Amino acid sequence: MPIRIVPPERLAEARRLFETTQLSGERIATETGVSRTSIRRYAEAQGWIRPPAAPDRVTLVASLRGRVEKEIGAAEAAIGGAGEERDARVEKMARSLASLVRTLRELAKYDEEQGRRGRDADPARGPGAGEDRDGQSVADLDAFRAELADRIARLRGG
């Protein structure tokens with residue numbers, strides 16, 4: 001079987017896609033015109049590295065919730081201090097918490113929109129009533145937000 005020479009620009013594009021996306025070898029082959037076997041061989045020979053997989057939604061939300069809890073704990077501990085230094089620490093923590101809460105809110109909004117799209121396209125594929133894409137109860141998210149708001153209010157009132 002004759003050896004095919006891969007044009008450098010196609011090989012460069014295959015490497016870029018291999019190292020910067022989660023596209024399958026088959027998809028990269030389709031996009032670049034370089035065979036899947038050639039992509040695998042070049043990757044092994046030249047040490048191409050795949051990017052790490054993005055965390056799934058459940059892991060991401062759990063991580064954000066953990067950060068929120070950690071920030072709340074640090075803010076509660078900081079309240080014991082006094083003076084301007086304490087106020088500056090509490091203000092910084094409040095800003096950080098607000099940012100994390102906004103991120104959680106945006107994720108919940110995105111999941112809700114995606115859930116609506118999925119139900120509109122195929123009712124059998126959408127989440128169950130009262131659940132987000134990950135099967136997590138929307139009421140649980142609302143309860144979490146309410147508890148978080150109460151704790152922030154206590155921190156500010158303290």
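Computed from a prediction, not measured in an experiment: that's the story for all the values here.
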Under the salt bridge (Lys or Arg N to Asp or Glu O under 4.0 Å) test, residues paired with [X] that sit two or more places apart:
X: E106; answer: none
X: R67; answer: none
X: R41; answer: none
X: R36; answer: E26

Please identify each residue that fulfils side chain to side chain donor-acceptor pair (under 3.5 Å) with [X], with sequence neighbours left out.
X: S38; value: S35
X: T30; value: none
X: R16; value: E13

Check: Got a sec, which hydrophobics cluster with I39, joining ILVMFWY side chains under 4.5 Å apart, including via others?
Finding: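 So far as hydrophobic clustering goes, I39 is joined with V6, L11, L17, F18, L23, I28, V34, Y42, W48.
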
Item checked: Heavy atoms from other residues, nucleotides or ligands near CZ of R27 exceed 12 (cutoff 6.0 Å) ->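 It does not: R27 CZ has 12 such atoms or fewer within range.
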
Checklist line | Qualifying salt bridge (charged side-chain N to carboxylate O under 4.0 Å, His left out) pairs with a residue from residues 95-105, counting only residues at least two apart or across chains | finding: E91-R95

Item checked: Minimal non-hydrogen separation, E19 against P51, with atom names ->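 Scanning both residues completely, I find the closest heavy atoms to be O-CD, 3.4 Å.
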
Checklist line | Check ion pair R65-E69 (N to O, under 4.0 angstrom) | finding: no

